[in-house]
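Below is one structure; the comments refer to it alone.
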Amino acid sequence: AYMEEVRTVILEGDAFFEVKRNEQKPFLVQTESHFVKVLGTSFLVQSTKPDEATVSVFSGKVEFGVPAGQSSI
């Protein structure tokens, strides 16, 4: 069985990411309350409070949501 390798970053605070596209190795950013999953894009994650997060996408697409709930692209 094929297992997907995921590149994961645990984030507290704000960070800008520019991720090279690699469909075999998705990139995952986790804050205390949200996640952002990308294949290749540039984006800013702001997580100034434990239960809040904001994503600003500069290019490409991301999936953004909460681990046990809804997400959107």
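Index from 1, following the sequence.
Between Leu28 atom CG and Lys37 atom NZ the span is 7.5 Å, to the nearest 0.5 Å. Interatomic distance, Thr31 OG1 to Gln46 CD, rounded to the nearest 0.5 Å: 12.0 Å.
For the pairing with Val36, the side chain to side chain contact (heavy atoms under 4.5 Å, CB included) check across Val55, Val9, Val57 returns one residue only, Val55.
The aromatic rings of Phe17 and Phe43 sit parallel, their planes meeting at an angle under 30°, below the 60° perpendicular limit.
Side-chain atoms of Ser47 never come within 3.5 Å of backbone atoms of Glu12 as a donor-acceptor pair (strictly under, hydrogens ignored).
What you find for Ile10 and Gln30 is that their closest heavy atoms are CD1-OE1, 3.0 Å. Here the closest heavy-atom approach between residue Arg7 and residue Lys20 is recorded as NH2-O, 3.8 Å.
Placement of Phe35 and Val45 in two distinct hydrophobic clusters is found when ILVMFWY residues are connected by side-chain heavy-atom separations under 4.5 Å, directly or transitively.
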